[in-house]
Amino acid sequence: MSEDEANGDDEPDERETADDEPETEEAETEEELEDQADEEAESDDDGTEEEPESAEDEDTEDAEDEKDLDEEVNELEAIRGQLDAFETQIEEFETELEAAETEDDLDEVEPKLEAFREELEGLEIPDPPEEEDEEDEDEEDVVHPEEELQDRYDEIEDDLDDLEDDLEDQRGPYAEDVIGEINGVSGTITGTRWTIEGERELIEIVDDFLDDTNGILGASVALPDDLEPTEGAELREDAPDPDAEGVPERLAATLEDVTDAVEDAELDPDEDAETIADLLEAVDEFEGDVDDATAWTDLKVREQLRREGFYDVLDHVKDFPPEWHALKVHEKRGNVDLILLALDSLGSEFMEEHCMEALERMGPEEAIEPMIQKANRRDTKAMSILGKIGDDDEQVVDTLLDYVDSNIQLQRPAFRALGEIGAEDAVQPIAEELATNDNPAVRSNAARSLGLIGDTRAIQPLSDVLEDDDADRVRASAAWALNQIGTKDALEVVADYADDRAYLVQAEAERADLEPAA
């Protein structure tokens, strides 16, 4: 044992430690050198090397930012100066417009306003800077100068709009305004249905208007001597003969003479402003009088029906209300027009129901158009009436086809009507309902509709239903439909079910007559 060990000295040998440490440091140094060499090589390959930003560069950037800010400030100041000038011009225009007394004066102001608007619209206000972060709710909103300038621009634009409106208001009135007003009243006269009383009133009203305009213009326009209202014209029974014009048309022709007189007067808006104003006042009063004349729509419904002759068939009133009694008489006499008139005029549900029932019993072709209109509004009674009429008009069929795949309340009358009409275009869509609809009542109605139509294309789908349908009610309807079609093929199908489980099907099979008629 050495002396050191004997003394308990555990410290490592200094020579061994010294030898180990340099090896580690040397290894680390070599790795660092290699990494540095690689970085230098990459830097050489790129040809660039990042350098720290100097104080001089920072000063340059600050100078550029300050320059941009100065330019923005200068731009806003220039815009502010333009707005100042615009506001001054607006005040000058207001003064000029107030001083304008003639059309020539206004003609001088108008192009100035047009040029000013063009210049104003050429000025662009910059948008305010976008807010990067939302400020605290308690902090007041910052108003940017751009927003202030935009507000001033908008006010100037509003003032310009007002000036342009004021200029137009100061113009005129013109002779053309008078003519336009007269033509408007003339259109009211010819476009309104008048009573006899109304036509008499119109004659007096136009005559008074002629007195006023003749006095203002020094003209001599007069009404025709033979102008009298007729009862036939009130009921619109006058013949559509252009030579047989009614009171409204002849009054309109007289008013054309008045407008000709206005044109011939060559009224100047400045020199004759008072004359034009007097004419406009006369036309305004004329228009009010025409509006107050008795039009047909001013009459109560019963008075309208009375004048139309609806109650003329009554010697006495047997039923109440009297319209119901008159309706029964008109149905017996076949007066379809008066029944349709009552249907259109009377607002009573009671009378509407009785009018529709009368039309259903009569089945008149004159009712097709009003019934189509009602059927388009899902009126099932109107559908039934179209079926009773039986006209296979394309518009009628198309109207009813719209309800083939609807709900059962609408399908049933539509199926029935299409069957009564014999609408061949309905065979395919009704056959599809027969084959696919889950409701036995719908399938039964579809089968009967196909039987009424009588098209042989329905034999096969009806045969399939007769063989396979679970509902005996539907099978019985299919058998009935095949009997209705009545061809040999159809009857042979039904005849095979003489021993069917369902009595109604048996009855249809027994009814199938395969023997040819003698």
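Side-chain N/O atoms of Asn407 and Gln411 include no donor and acceptor closer than 3.5 Å. A donor and an acceptor atom, one from each side chain of Asp464 and Gln460, are located under 3.5 Å apart.
Gln373 CD: more than 12 foreign heavy atoms inside a 6.0 Å radius. Counted within 6.0 Å of CZ on Arg416, heavy atoms from surrounding residues, nucleotides or ligands total 12 or fewer; the atom is thus considered open. Annotation: Glu121, atom CD; neighbour count of heavy atoms from other residues, nucleotides and ligands within 6.0 Å is above 12. Around CD of Glu285, the count of heavy atoms belonging to other residues, nucleotides or ligands within 6.0 Å does not exceed 12. Residue Asp226 places its CG atom among more than 12 non-hydrogen atoms of other residues, nucleotides or ligands, all under 6.0 Å distant. Under a cut-off of 6.0 angstrom, the local environment of CD in Glu94 is crowded, with over 12 non-hydrogen atoms contributed by other residues, nucleotides or ligands. Atom CD of Glu365 has 12 or fewer neighbouring heavy atoms from other residues, nucleotides or ligands inside a 6.0 Å radius.
Between Phe93 and Phe116, the two ring planes are perpendicular [angle over 60°; tilted spans 30° to 60°]. Taking the six-membered ring where the residue is Trp, Phe209 and Phe286 present parallel rings, their angle staying beneath 30° rather than reaching 60°.
In this structure a side-chain-to-backbone donor-acceptor pair under 3.5 Å is present from Asn376 to Ile372. Between the Asp207 side chain and the Ile203 main chain, no donor and acceptor come within less than 3.5 Å of each other. Remark: side-chain polar atoms of Glu234 are paired, donor with acceptor, to backbone N or O of Ile196 under 3.5 angstrom. Panel note: side chain Asp177, backbone Tyr174; a donor-acceptor pair is recorded below 3.5 Å. Between the His330 side chain and the Phe310 main chain, a donor and an acceptor come within less than 3.5 Å of each other. The closest donor-acceptor contact from the side chain of Arg448 to the backbone of Ala478 lies at 3.5 Å or more, if one exists at all. No side-chain donor-acceptor contact under 3.5 Å links Ser345 to the backbone of Ala342. Side chain of Arg443 to main chain of Asp438: a donor-acceptor pair is present (N/O by atom type, distance under 3.5 Å, no hydrogens or angles). The main-chain N or O of Gly198 is never found under 3.5 Å from a side-chain atom of Thr294 such that the two would form a donor-acceptor pair. A donor-acceptor contact shorter than 3.5 Å is absent between the side chain of Asp455 and the backbone of Ala458.
Among all heavy-atom pairs drawn from Leu338 and Gly309, the shortest one is CD1-O, 4.3 Å. Pairing each heavy atom of Ala441 with each of Ile408, the nearest pair is CB-CD1, 3.7 Å. The shortest heavy-atom contact between Pro269 and Ile276 is CA-CD1, 4.1 Å. Considering every non-hydrogen atom in both Ala446 and Phe415, the closest pair reads N-CD1, 3.8 Å. Here the closest heavy-atom approach between residue Leu491 and residue Leu482 is recorded as CD2-O, 4.4 Å. Residues Thr254 and Pro224 share a closest heavy-atom pair of OG1-CD, 3.7 Å.
Two residues are said to be in side-chain contact when any heavy atoms from C-beta on lie closer than 4.5 Å; Thr456 and Asp489 fail this criterion. Counting only heavy atoms from C-beta outward, the side chains of Thr188 and Thr192 approach each other to under 4.5 Å. Here the side chains of Leu341 and Ile339 are not in contact, with every heavy-atom distance at 4.5 Å or above. Within the 4.5 Å cutoff, side-chain heavy atoms of Gln395 are placed close to those of Glu369. Inter-residue side-chain proximity for Asp472 and Val505 is flagged as unmet; no heavy-atom pair is nearer than 4.5 Å. Using a 4.5 Å heavy-atom cutoff, the side chains of Asp392 and Val396 are not in contact. You'll find the side chain of Ile421 stays beyond 4.5 Å of the side chain of Ile389, heavy atoms only. Using a 4.5 Å cut-off on side-chain heavy atoms (C-beta onward), Pro429 and Leu401 make contact.
With rounding to the nearest 0.5 Å, the separation of CG in Leu410 from CG in Leu400 is 11.0 Å. Considering CG of Leu386 and CE of Met383, their distance stands at 9.0 Å, rounded to 0.5 Å. Rounding to the nearest 0.5 Å gives a distance of 8.0 Å between CD of Glu281 and CD1 of Ile216.
Ion pairing between a basic and an acidic side chain is recognised when a charged N comes within 4.0 Å of a carboxylate O; Glu108 and Lys112 show no such pairing. Of the charged side-chain nitrogens involved, at least one lies within less than 4.0 Å of a carboxylate oxygen, so that Glu323 and Arg302 count as a salt-bridged pair. Taking 4.0 Å as the cut-off between side-chain N and carboxylate O, Glu148 and Arg152 do not count as a salt-bridged pair. By the 4.0 Å N-to-carboxylate-O rule, Glu433 lies too far from Arg412 to be salt-bridged with it. Under the 4.0 Å criterion applied to side-chain N and carboxylate O atoms, Arg171 and Asp107 are assigned as salt-bridge partners. Glu164 and Arg117 are joined by a salt bridge, as a carboxylate oxygen and a charged side-chain nitrogen come within less than 4.0 angstrom of each other. Using a 4.0 Å cut-off between charged side-chain N and carboxylate O, Lys374 and Glu352 make a salt bridge. Taking the charged nitrogens against the carboxylate oxygens, Arg200 and Glu204 have no contact shorter than 4.0 Å, which rules out a salt bridge.
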* To do: Could you walk me through whether Val262 and Glu176 pass the side chain to side chain contact (heavy atoms under 4.5 Å, CB included) test, one step at a time?
  => CA-CA 9 Å; Val262 174; Glu176 289 80 1; over 6 Å; no
* Check step by step if side chain to side chain contact (heavy atoms under 4.5 Å, CB included) holds for Asp379 and Met356. => CA-CA 11 Å; Asp379 190 313; Met356 294 292 281; 4.1 Å; yes
* Begin with the C-alpha distance, continue with both residues' side-chain angles, and end with the deciding distance and a verdict on salt bridge (Lys or Arg N to Asp or Glu O under 4.0 Å) for Glu508 and Arg475. => CA-CA 10 Å; Glu508 291 298 333; Arg475 297 176 61 247; over 6 Å; no
* Go through the steps to decide whether Val301 and Leu305 satisfy the test side chain to side chain contact (heavy atoms under 4.5 Å, CB included), and finish with yes or no. => CA-CA 6 Å; Val301 172; Leu305 291 175; 4.2 Å; yes
* To do: Kindly indicate, with the supporting measurements, whether the criterion side chain to side chain contact (heavy atoms under 4.5 Å, CB included) is fulfilled by Leu255 and Ile189.
  => CA-CA 11 Å; Leu255 292 175; Ile189 291 174; 4.0 Å; yes
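Aromatic ring centres of Tyr153 and Phe86: separated by at least 6.0 Å.
Contacts of Ala293 classified as side-chain contact (heavy atoms from CB on, under 4.5 Å), with partners at least two apart in sequence or in another chain: Trp194, Glu201, Leu202, Ile205.
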